[in-house]
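Hydrogens, waters and symmetry mates are skipped; everything else that's a heavy atom, side chains included, is used. Here is how names work: the chains are called A, B, and so on, in the same order as the sequence lines, proteins then strands, and each is numbered from 1.
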Protein chains: 2
Amino acid sequence: MRIGELARRTGVSERALRYYEEQGLLQPARTAGGYRVFTAADVERVRHVRLLLAAGLSTALIAEMLPCMVPAADVLAPGCPELVPYMNRERDRITASIEELTTARDLLDRMIAATPV
Amino acid sequence: MRIGELARRTGVSERALRYYEEQGLLQPARTAGGYRVFTAADVERVRHVRLLLAAGLSTALIAEMLPCMVPAADVLAPGCPELVPYMNRERDRITASIEELTTARDLLDRMIAATPV
DNA sequence: GTAAACATTCACGTCGGCGTGAGGGTCAAG
DNA sequence: CTTGACCCTCACGCCGACGTGAATGTTTAC
């Protein structure tokens, strides 16, 4: 499929998809005319990218991680032992972030609840 | 106390504290010579600010919210009914964000677990 | 009264994930 | 063969919470 369809199917802008390719997160083939050609698997790939970006990982780290989740079963495969320390660090950061967000939400809840009306 | 002490006690840089004042999040008194003078309550206030900033709220919204959590009991007090819609929106955004982060963390966990060694 | 520690006000720099045109090719249908 | 729809490559813009000096003034301890 071409970039427009991938954009529609993922809800990600074309600009963002081109940016992802530039950052090594996608490697579409090309038509003779220079059009990018994506595969069905790229839809899932883009979803993973967005998820990890939303979690605060950099495109650089994601680019290194992606080869480790190549095939069918979502995750398995190669396994990149050298990335484990980084992934653990991100994991802990995410956990801390979740706790902060939870605390902040509690604060908001208390403020909302305390509103006189 | 002066800015250096507040910075030490909150772990927030002096630059950030000045920025918070500029954004209306703090209103320190001044000495004759122009030095900012903060109160003990400002320590808590700064913690709240950081918490809400970390949760993705803008300084502008936080500035509007702070008068609603003035006094002792952390939150109560004035109550700003007109802010409730905004706070609800942020609350929902935070909830969605927590879910995303949780999903991303699960993905990381699976990748870490799938590492061959 | 003087020096060290502490503070002040600008004001430009940063960073990263895109948004947003501009100017111009490619492709499929009729 | 032409006309949309679709795509391409630059390349500057943006945003927001500060970082980072530079040049200067204030306090306090001795």
Q. Counting only distance, no hydrogens or angles, is the base of dC27(C) paired donor-acceptor with the side chain of Y35(A) under 3.5 Å?
A. no
Q) Given atom CD of E14(B) and atom C1' of dG19(D), what is their separation to the nearest angstrom? A) 13 Å
Q | S13(B) vs dG19(D): side-chain N/O to OP1/OP2 distance below 4.0 Å | A | yes
**Q.** Nearest-Å distance for atom pair CG/C1', residues L57(A) and dG17(C)
**A.** 14 Å
(Q) Using side-chain heavy atoms (C-beta onward) and a distance below 4.5 Å, is D92(B) in contact with R89(B)? (A) no
(Q) Applying side-chain hydrogen bond (donor to acceptor under 3.5 Å, both in side chains) to R105(B) and T95(A), what does each step give before you reach the verdict? (A) CA-CA 8 Å; R105(B) 187 176 57 181; T95(A) 297; 2.9 Å; yes
**Q.** Value in whole Å for how far the C1' atom of dC10(C) lies from CZ of R18(B)
**A.** 12 Å
(Q) On DNA chain D, compare the nucleotides closest to T59(B) and G4(A); which residue's is nearer the 5' end? (A) G4(A)
Q: May I ask you to verify if any side-chain N or O of Y19(A) is less than 4.0 angstrom from the OP1 or OP2 atom of dC18(C)?
A: no
(Q) On the side chain of R15(A), is there an atom forming a donor-acceptor pair with the base of dT20(C) - under 3.5 Å, no angle test? (A) yes
Q | Rounded interatomic separation in angstrom, taking OH from Y20(B) and C1' from dG19(D) | A | 13 Å
Q: Give a yes/no answer on whether the side chain of S58(A) brings an N or O atom under 4.0 Å of OP1 or OP2 in dG16(C).
A: no
Q.
If I take atom CZ in residue R36(B) and atom P in nucleotide dT8(C), what distance separates them, rounded to the nearest angstrom?
A. 4 Å
Q) So how far is it from Y86(A) OH to E64(A) CD, rounded to the nearest 0.5 Å? A) 7.5 Å
Q) When L52(A) is tested against each of L25(A), L61(A), I62(A) for side-chain contact (heavy atoms from CB on, under 4.5 Å), which residue passes? A) I62(A)
Q: Check whether any side-chain nitrogen or oxygen of T31(B) sits under 4.0 Å from OP1 or OP2 of dT27(D), and answer yes or no.
A: yes
Q. Are the side chain of R45(A) and the backbone N or O of T39(A) linked by a donor-acceptor pair below 3.5 Å?
A. no
Q. Can you tell me how far P of dT26(D) sits from CZ of R2(B), to the nearest Å?
A. 13 Å
(Q) Without decimals, in angstroms, what is the distance between I62(B) CD1 and dC18(D) C1'? (A) 14 Å
Q. dA28(C) P sits how many Å from E5(A) CD, rounded?
A. 14 Å
Q.
Nearest to the R30(B) side chain among dT9(C), dG19(D), dT28(D), which nucleotide is it?
A. dT9(C)
